Amino acid sequence: MARHLITSAIPYINGIKHLGNLVGSQLPADLYARYLRGRGHEVLFLCATDEHGTPAELAAAKAGKPVAEYCEEMHGVQAKIAEGFRLSFDHFGRSSSPQNHRLTQHFAGVLAEKGLIREVSETQMYSPTDGRYLPDRYIEGTCPNCGFDSARGDQCDNCTKQLDPVDLINPHSTISGATDLEMRETKHLYLRQSAMKDELEAWIDGKTDWPVLTTSIAKKWLNDGDGLQDRGITRDLDWGIPVRKGEEDWPGMEGKVFYVWFDAPIEYIACAQEWVEAGKGDDWERWWRTDKGAEDVTYTQFMGKDNVPFHTLGFPATILGSGEPWKLVDYIKSFNYLNYDGGQFSTSRGRGVFMDQALEILPADYWRWWLLSHAPESSDSEFTWENFQQSVNKDLADVLGNFVSRVTKFCRSKFGEEVPAGGSYGPQEEALIADLTARIAAYQGHMDAIEVRKAAQELRAIWVAGNEYLQSAAPWAAFKEDPERAAAIVRLSLNLIRLYAVLSAPFIPDSAETMMNAFGPDAVRDWPAGTAADFEALEPGAAFTVPENLFAKIADESREDWQTRFAGTRS
RNA sequence: GGGCCUGUAGCUCAACGGUUAGAGCAGAGCGCUCAUAACGCUUUGGUUGGGGGUUCGAAUCCCUCCGGGCCUACCA
């Protein structure tokens with residue numbers, strides 16, 4: 001039994017996430033966590049909401065609420081939806097927690113002691129009307145290069161020229177439209193990532209088993225242009241973690257907060273503290289401190305590709321730079337994007353299917369299965385309603401659901417609702433068992449390697465094997481001549497259902513539970529050991545109940561209806 | 001501009017430089033009747049985006065052209 005720490009990229013607080021966000025981090029992380037728990041490992045699976053930054057303040061203002069209140073409310077909403085998707089976090093924390101405040105300030109203090117933080121004076125656009133400094137992207141004006149009138153402060157969307165906000169002609173705030181912008185001198189802290197470049201590069205070069213997507217993004221940032229750049233870790237905002245040097249004030253930094261990307265990853269650690277505080281565990285250090293038991297922890301992170309730089313460079317710079325014995329990530333699984341019907345999912349434009357809407361129209365397992373079996377691992381992938389309908393109907397309803405249905409109903413009509421005792425397994429059964437034992441080993445191999453699509457494919461093949469067996473063994477024919485023979489076939493088939501429930505649980509937890517429950521609360525739930533015993537765990541004579549059909553098929557009318565309903569943007 | 005990823009059957013995807021490029025779905029034919037008209041078997045379908053090169057051998061390596069996507073550091 002090993003110990004696994006798993007974190008999913010923490011979703012931003014300003015609204016409900018779409019299916020693309022879900023499949024890129026939380027869902028595969030949950031799959032892996034459930035699988036490892038199923039295999040008997042000790043798992044700590046953490047996630048949280050990422051609550052700081054300008055967009056949170058703006059979203060709160062739009063909702064007409066104080067930002068703290070808004071975040072608390074949205075945290076509740078996101079937690080509820082996560083539960084709806086059966087995301088099995090051991091704790092779902094908040095980056096605004098007191099624990100994260102303390103820890104973030106602690107890291108800043110230690111990094112300063114090590115000489116890894118420098119102060120930089122710079123000028124930034126301030127908007128008196130908005131009462132805030134404006135990030136470059138919140139300033140628009142006319143591009144001095146091409147004349148485009150909606151060029152943003154960082155880059156012109158029309159001619160792609162990199163800009164500085166001061167270059168813009170007639171600049172204005174995109175928040176209020178105010179034009180009375182002024183340059184103000186302000187002082188900020190920079191993390192000296194450049195000083196750690198060699199150490200970071202050596203560390204990443206050692207990770208030869210990481211996905212190409214992860215290492216190529218990391219190396220690009222390490223070696224692009226002048227190499228790894230120092231990064232500002234403070235902002236002039238009200239909402240965030242006040243800049244402090246550990247427990248002490250930081251002269252000159254009054255009224256400033258840490259940049260959200262500095263404190264967000266630290267929440268992974270703080271979240272474990274919250275987990276203890278919430279009474280769900282009693283020792284967070286054995287997961288996070290290598291001097292206190294975490295040296296034998298395997299730490300895996302899940303995220304979309306947009307998050308990779310911060311997890312391969314920024315956060316490790318914080319951890320390594322501190323010189324303290326914190327657990328460093330062992331494996332970073334990153335994902336490409338899921339597109340929606342020919343375009344991108346977009347939170348800001350409300351395009352695509354959002355997590356709350358998805359749960360309103362279908363149970364979580366339908367989404368989990370489709371999303372995971374089509375996870376964008378090697379390249380961006382695409383969601384279409386036709387593909388979704390086809391996959392779900394075929395894989396879940398026809399292959400798995402119908403297998404459970406035909407076996408349990410046949411048994412009920414011929415032997416009653418108990419596991420038939422007669423006969424014994426013969427050559428056909430032995431062949432099936434050999435085949436499945438090999439397939440289960442392959443399935444485990446893919447899950448261990450976090451090859452999500454391949455694992456889904458193998459699991460499906462395991463389901464199919466049941467139908468093939470049933471067809472060739474034909475218990476309905478055997479029953480007429482040799483009821484004992486039919487009894488043995490049905491007994492094995494019922495055992496397959498129990499086995500499928502165990503194997504499928506990481507992908508489709510609710511349906512797996514329904515399958516398992518058919519055999520009562522005492523049915524063996526252990527992960528298969530790879531022996532013949534896996535196929536005779538059900539006692540002859542044990543009672544079972546015929547479950548309701550596991551999956552209803554998606555009708556063409558429903559699909560067309562959803563297609564229309566989700567064609568535009570979310571109101 | 002720079003960098004990275006990607007292009008394989010109608011669709012979604014596989015394939016350490018090594019037999020005849022494979023699966024699932026969709027299509028066609030047959031079989032079965034336990035089951036949600038479900039299941040099983042067989043089968044059609046590819047000049048691996050185009051062109052050139054390296055090699056005994058290329059989907060795979062190199063060059064070039066074409067298409068798609070992402071990143072480029074103050075949205076997160």
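A note on names: the letters A, B, ... follow the listed sequences, proteins ahead of strands, and every chain is numbered from 1. For clarity, every value in this text was computed on a predicted model and none was experimentally measured.
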Separation of atom [atom1] in [X] from atom [atom2] in [N], rounded to whole Å:
{"X": "A:Gln389", "N": "B:U36", "atom1": "CD", "atom2": "P", "result": "20 Å"}
{"X": "A:Lys553", "N": "B:C39", "atom1": "NZ", "atom2": "P", "result": "7 Å"}
{"X": "A:Glu468", "N": "B:C32", "atom1": "CD", "atom2": "P", "result": "18 Å"}
{"X": "A:Asn336", "N": "B:U12", "atom1": "CG", "atom2": "P", "result": "15 Å"}
{"X": "A:Gln457", "N": "B:C13", "atom1": "CD", "atom2": "P", "result": "11 Å"}
{"X": "A:Asp306", "N": "B:U72", "atom1": "CG", "atom2": "P", "result": "9 Å"}
{"X": "A:Lys305", "N": "B:U72", "atom1": "NZ", "atom2": "C1'", "result": "14 Å"}
{"X": "A:Asn307", "N": "B:A76", "atom1": "CG", "atom2": "P", "result": "12 Å"}

Could you write out each protein N or O paired with an N or O of nucleotides 6-10 of chain B at a distance under 3.5 Å?
none

Are [X] and [Y] close enough that some pair of their side-chain heavy atoms sits under 4.5 Å apart?
{"X": "A:Thr312", "Y": "A:Thr214", "value": "yes"}
{"X": "A:Lys256", "Y": "A:Thr186", "value": "yes"}
{"X": "A:Met183", "Y": "A:Met125", "value": "yes"}
{"X": "A:Phe310", "Y": "A:Phe315", "value": "no"}
{"X": "A:Trp369", "Y": "A:Phe388", "value": "no"}

Side chain [X] and base [N] donor-acceptor under 3.5 Å:
{"X": "A:Gln124", "N": "B:C74", "answer": "yes"}
{"X": "A:Asn402", "N": "B:A35", "answer": "yes"}
{"X": "A:Glu122", "N": "B:C74", "answer": "yes"}

State which of [options] makes the closest approach to the side chain of [X].
{"X": "A:Arg406", "options": "B:C34, B:C74, B:A76", "value": "B:C34"}
{"X": "A:Trp476", "options": "B:A76, B:C34, B:U36", "value": "B:C34"}
{"X": "A:Ser405", "options": "B:G24, B:C71, B:U36", "value": "B:U36"}
{"X": "A:Val260", "options": "B:A76, B:U12, B:U36", "value": "B:A76"}
{"X": "A:Gln471", "options": "B:A35, B:G31, B:A76", "value": "B:G31"}
{"X": "A:Asp398", "options": "B:C32, B:C71, B:A38", "value": "B:A38"}

Can you work out whether A:Glu377 or A:Leu550 has the more 5'-proximal nearest nucleotide on RNA chain B?
A:Glu377

Using the closest heavy atom to pick a nucleotide of RNA chain B for each, name whichever of A:Ala264 or A:Trp221 lands nearer the 5' end.
A:Trp221

Determine the Euclidean distance between corresponding [atom1] atoms of [M] and [N]; express it in Å to zero decimal places.
{"N": "B:U12", "M": "B:A26", "atom1": "C1'", "value": "11 Å"}
{"N": "B:C13", "M": "B:C30", "atom1": "P", "value": "33 Å"}
{"N": "B:A59", "M": "B:U8", "atom1": "C1'", "value": "7 Å"}
{"N": "B:A21", "M": "B:A58", "atom1": "P", "value": "13 Å"}
{"N": "B:G29", "M": "B:U19", "atom1": "C1'", "value": "30 Å"}
{"N": "B:G45", "M": "B:G27", "atom1": "C1'", "value": "9 Å"}
{"N": "B:C5", "M": "B:C62", "atom1": "P", "value": "10 Å"}
{"N": "B:G53", "M": "B:G46", "atom1": "C1'", "value": "24 Å"}

Taking the ring of A:Tyr133 and the ring of A:His188, is the distance between their centroids below 6.0 Å?
no

Step through it carefully: locate the ring centre of A:His75, locate the ring centre of A:Phe92, and say whether they are under 6.0 Å apart.
yes

Just to be sure I understand the rule, does [X] reach a base, reach only the sugar-phosphate, or reach nothing, if contact means heavy atoms closer than 4.0 Å?
{"X": "A:Leu213", "answer": "nothing"}
{"X": "A:Tyr259", "answer": "sugar-phosphate"}
{"X": "A:Pro475", "answer": "nothing"}
{"X": "A:Lys454", "answer": "sugar-phosphate"}
{"X": "A:Val404", "answer": "nothing"}
{"X": "A:Ser381", "answer": "sugar-phosphate"}

When you check the phosphate oxygens OP1 and OP2 of [N], does a side-chain N or O of [X] lie under 4.0 Å from one of them?
{"X": "A:Arg412", "N": "B:A35", "result": "no"}
{"X": "A:Arg453", "N": "B:A14", "result": "yes"}
{"X": "A:Lys409", "N": "B:U36", "result": "yes"}
{"X": "A:Lys394", "N": "B:C39", "result": "yes"}
{"X": "A:Tyr337", "N": "B:C71", "result": "yes"}

Is it true that atom CD of A:Glu548 has more than 12 heavy atoms of other residues, nucleotides or ligands lying nearer than 6.0 Å?
no

Take A:Ser373 and A:Gln457, measure what side-chain hydrogen bond (donor to acceptor under 3.5 Å, both in side chains) needs, and give me the verdict at the end.
CA-CA 7 Å; A:Ser373 62; A:Gln457 229 170 59; over 6 Å; no

Sort out for me which residue in A:Phe551, A:Trp385, A:Phe383 forms a ring-ring contact (aromatic ring centres under 6.0 Å, His included) with A:Trp370.
A:Phe383

Taking all non-hydrogen atoms of both residues, which atom of A:Gly321 and which atom of A:Leu111 are closest, and how far apart?
C-CD2, 3.6 Å

When you look at A:Arg184 and A:Glu182, which way does the salt bridge (charged side-chain N to carboxylate O under 4.0 Å, His left out) test go after all the steps?
CA-CA 6 Å; A:Arg184 284 194 185 180; A:Glu182 57 189 57; 2.9 Å; yes

Secondary structure string for RNA chain B (Watson-Crick or G-U under 3.5 angstrom, | for other-strand pairs):
(((((((..((((....[...)))).(((((.......))))).....(((((..]....))))))))))))....

Derivation and outcome, side-chain hydrogen bond (donor to acceptor under 3.5 Å, both in side chains), residues A:Asn21 and A:Ser25
CA-CA 7 Å; A:Asn21 298 128; A:Ser25 54; over 6 Å; no

Centroid under 5.5 Å and tilt under 30°, A:Phe410 to B:C34:
no

